[in-house]
Amino acid sequence: MQGQEHSESELLQIRRDKLNTMVARGIDPFGGRFDTTHQPGALRRDFQPDLEVKVAGRVTARRTMGKAVFFDLSDITGRIQCYVNKKEIGDEAFELLTELVDIGDWLGVSGKTFVTKTGEPSVHTETLQVMSKALRPLPDKWHGVTDREIKYRQRYLDLISNERSRDTFVQRSLMVAEIRRFLQDRGFLEVETPMMQDVPGGAAATPFETFFKALNMAMYLRIAPELFLKRLLVGGFTKIFELNRNFRNEGLSRRHNPEFTMLEAYWAFSDFEQMADLVESMVCHLAEKFCGGLLIEHKDDEGNVTRTINLQRPWRRAPYKELIKGVAGEGWFELSLEDKKAKCAELGVEVSAGMVDYEVSQQVFEKLIEEKSFDPLFVTHVPAELVPLAKQNKADGSVVDVYELVINGQEISPGYSELNDPIVQRERLEHQAGEETQKVDEEFLLALEYGMPSAGGIGIGIDRLVMMLTGAESIRDVVLFPQLKKR
RNA sequence: GCGUGGGUAGCUCAGCGGUAGAGCAGUUGGCUUUUAACCAAUUGGUCCUGGGUUCGAUCCCCAGCCCACGCACCA
């Protein structure tokens, strides 16, 4: 809060004066229970005339015409217009509405529905109740909030004033609910595993560290739930999923928020190809339900289509190495490290000095394939170095049985045939730990020794999936409160 | 971390080496079916912060803060 030594600005003072006047007149400015029959948007969408209704919402517009007033009540569902006639409602209530209520206040209204002569579904107001007095003015009624910083730091103002933001977040909520339903319908049980972990595993990101006083030990916010979900496979949960937050202590970008929502699902006795089918059908199901079909159009603020993503099945599946050869030449994998780097310069792919062989190839993949693939692409036969938790391919041990699903120029979902051989798993984790000075999760390896059923597993980055389906250009447009630097 | 752009009224924005403007919101008056209501009048500013240059800085220079975009980082 700001200091009180400065006098309040005029706008704020006027609203406080109105608040005080309400109190002086015995009106509670902060309401109480009000049993609504409809939400504003729902009432307008499924409108019927001559219905006694009670609605509540924020006053987002007011048109005063002498002895009659029109005002809009809004919430996340939409808006409904209310009409007030001075003669009918009485001087006291009319004055409350025109002199003490501001745009931004929350009101509860009872009355009968009707249609005005301009065809607007409306409520003919009989009673008014103040549910909350707003002490600060709302953003511009026409442009809304456009300042990115305000949109993100004060998301409520964005939601109040920007329909597109409201739509995106409502859609996200419905999509997440639908994903849960989709999996539950197929026999998957939702589980919750620790977000505070002793050994942060299941991915290779830098974790956030915290401290647990009671046990006098360092702990980490999870970077993935994978190693705990696999313990549950050992325990006999053969179809499970978890849909919740991961935390990675890395840079912010249009595609990265340090806490992001991940779906992980495991299906015992399955493999990566069956998991690919599952993801394909799930994403298509969501697109048909929420986007009206399998062609997803991304639009700019003017409504021009900027990109069309075609989700029609079957989705393309291609081996990692073939894709790289396609952009870097048939002989790519026979080139020495130096020649690969030289070729990268030719191709306009930046590589850093310390990169080893497979990292250079991965860089080519990311810049020339991933970032340019908008229609779905399952990348298969990925080098084993990149994925220590998946089964090696029986015919070619240098690659693993996984897919990496790319849509909209981003990795949306990996899927594995999960490695369940405890001896091989130990070797691969210790090899990786040696390279990156990571701890090995001994409790996980212990669990594997009791027998983890062979299984397919997937991860789906929910934020990126929602970006793809809603056409959001930044992850900050699909995360309600994205991480920002402290002001 | 680096580079580029930005920060002006509650909001959306213009402006510029001579001390700040519009629209909306607000305030006052008018108006009993309007909807970006309308008509008339009007209030409102740490021009992000701190230095510097200058007779004079919102403007030019330096440093800092925050935001965006790109790069780097990133299973």
Side-chain angles (χ1 to χ4, degrees), chain A residues 6 8-15 17-18 60-72 79-89 94 99 102-104 114-122 124 134-154 157-158 160-162 201-206 223-224 226 246 248-258 260 262 350-352 354 358-359 362-363 365-367 382-390 400 402 404 410-411 413-414 416 432 436 438 459 461 473-474 476 482 484-487:
Chain A
H6 299 289
E8 301 273 5
S9 84
E10 193 187 339
L11 288 171
L12 271 52
Q13 192 55 52
I14 288 167
R15 286 179 178 243
D17 291 344
K18 290 177 179 177
T60 47
R62 182 172 49 184
R63 297 171 287 278
T64 308
M65 338 245 327
K67 296 182 175 61
V69 179
F70 294 90
F71 60 93
D72 292 346
R79 67 172 186 96
I80 184 75
Q81 175 173 272
C82 299
Y83 169 75
V84 171
N85 183 306
K86 187 175 185 183
K87 267 250 169 69
E88 294 165 357
I89 203 164
F94 193 80
E99 288 172 25
D102 285 302
I103 290 175
F114 75 112
V115 179
T116 65
K117 65 184 179 192
T118 53
E120 180 72 24
S122 306
H124 201 123
L135 297 180
R136 290 178 182 272
L138 257 38
D140 190 286
K141 68 175 176 183
W142 187 241
H143 301 96
V145 171
T146 61
D147 185 309
R148 303 289 240 179
E149 196 169 352
I150 298 178
K151 276 169 78 82
Y152 301 150
R153 285 192 202 278
Q154 296 178 275
L157 295 179
D158 180 39
I160 290 167
S161 63
N162 295 111
T206 308
I223 54 177
E226 176 156 355
N246 287 348
R248 296 186 184 177
N249 205 340
E250 290 160 5
L252 299 162
S253 85
R254 211 153 52 104
R255 303 180 186 79
H256 297 86
N257 195 57
F260 61 99
M262 179 72 106
E350 285 182 42
V351 292
S352 49
Y358 78 85
E359 289 172 325
Q362 176 65 7
Q363 188 73 357
F365 171 76
E366 285 176 12
K367 297 297 165 193
V382 175
E385 297 95 321
L386 296 171
V387 188
L389 296 165
V400 283
V402 305
E404 302 278 355
Q410 302 183 37
E411 189 190 333
S413 164
Y416 302 169
Q432 184 200 28
E436 314 200 11
Q438 285 193 344
E473 285 183 11
S474 169
R476 298 183 189 97
L484 298 180
K485 200 161 177 175
K486 193 172 141 192
R487 186 151 55 175

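Numbered from 1 within each chain, the chains take letters A, B, ... in sequence-line order.
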Worksheet item: If pairing requires Watson-Crick or G-U wobble contacts with both distances under 3.5 Å, which nucleotide is the partner of B:rC31?
Response: none
Worksheet item: Near A:E366 CD, under 6.0 Å, is it more than 12 heavy atoms from other residues, nucleotides or ligands?
Response: yes
Fill in: Within-4.5 Å side-chain heavy-atom neighbours: A:R15 and A:P137
yes
Worksheet entry | Inter-nucleotide P distance (B:rG56, B:rC69), Å rounded | 41 Å
Discussion item. Between B:rU8 and B:rC66, how many Å separate the two C1' atoms, rounded to a whole number?
Written reply: 16 Å
Worksheet entry | Rounded distance in Å - NZ (A:K86) to C1' (B:rU34) | 18 Å
Worksheet item: B:rU32 C1' sits how many Å from A:H124 NE2, rounded?
Response: 10 Å
Worksheet, complete the sentence: With the side chain defined as heavy atoms from C-beta on, A:K18 is closest, among B:rU27, B:rA72, B:rC67, to B:rU27
Discussion item. Of the listed nucleotides (B:rU35, B:rU12, B:rG26), which one gets closest to any side-chain atom of A:R63?
Written reply: B:rU35
Fill in: Closest to the A:W142 side chain, choosing from B:rU12, B:rU33, B:rA36
B:rA36
Fill in: B:rU54: pairing nucleotide in any strand, Watson-Crick or G-U under 3.5 angstrom
none
Worksheet entry | Side chain of A:K87 - closest among B:rA68, B:rU35, B:rU32 | B:rU32
Discussion item. I'd like to check A:P258 versus A:N249 (side-chain heavy atoms, cut-off strictly below 4.5 Å). Are they in contact?
Written reply: no
Item to complete: Rounded to whole angstrom, note down the P distance from B:rC47 over to B:rU19.
Response: 15 Å
Worksheet item: Under 3.5 Å, is there an N or O donor on one side and an acceptor on the other linking the side chain of A:H143 and the base of B:rC11?
Response: no
Worksheet item: From B:rU12, B:rC69, B:rA25, pick the nucleotide closest to the side chain of A:V145?
Response: B:rU12
Fill in: Atom P, compared across B:rC62 and B:rG3: separation rounded to whole Å
13 Å
Discussion item. Looking at A:T146 and B:rU12, is any side-chain donor or acceptor paired with a base atom of the opposite kind under 3.5 Å?
Written reply: no
Worksheet item: From the list B:rA68, B:rA72, B:rU27, which nucleotide is the closest neighbour of the side chain of A:Y152?
Response: B:rA68
Worksheet item: Just to confirm, is there a sub-4.0 Å distance from OP1 or OP2 of B:rU34 to any side-chain nitrogen or oxygen of A:T64?
Response: no
Item to complete: Find out whether A:Y416 and A:V400 are in side-chain contact, i.e. whether some heavy atom of one side chain is under 4.5 Å from a heavy atom of the other.
Response: no
Worksheet item: Is the phosphate of B:rA37, meaning OP1 or OP2, less than 4.0 Å from a side-chain N or O of A:K141?
Response: yes
Discussion item. Give me the distance, rounded to whole Å, that separates B:rU58 from B:rG1 when you measure between the C1' atoms they each carry.
Written reply: 31 Å
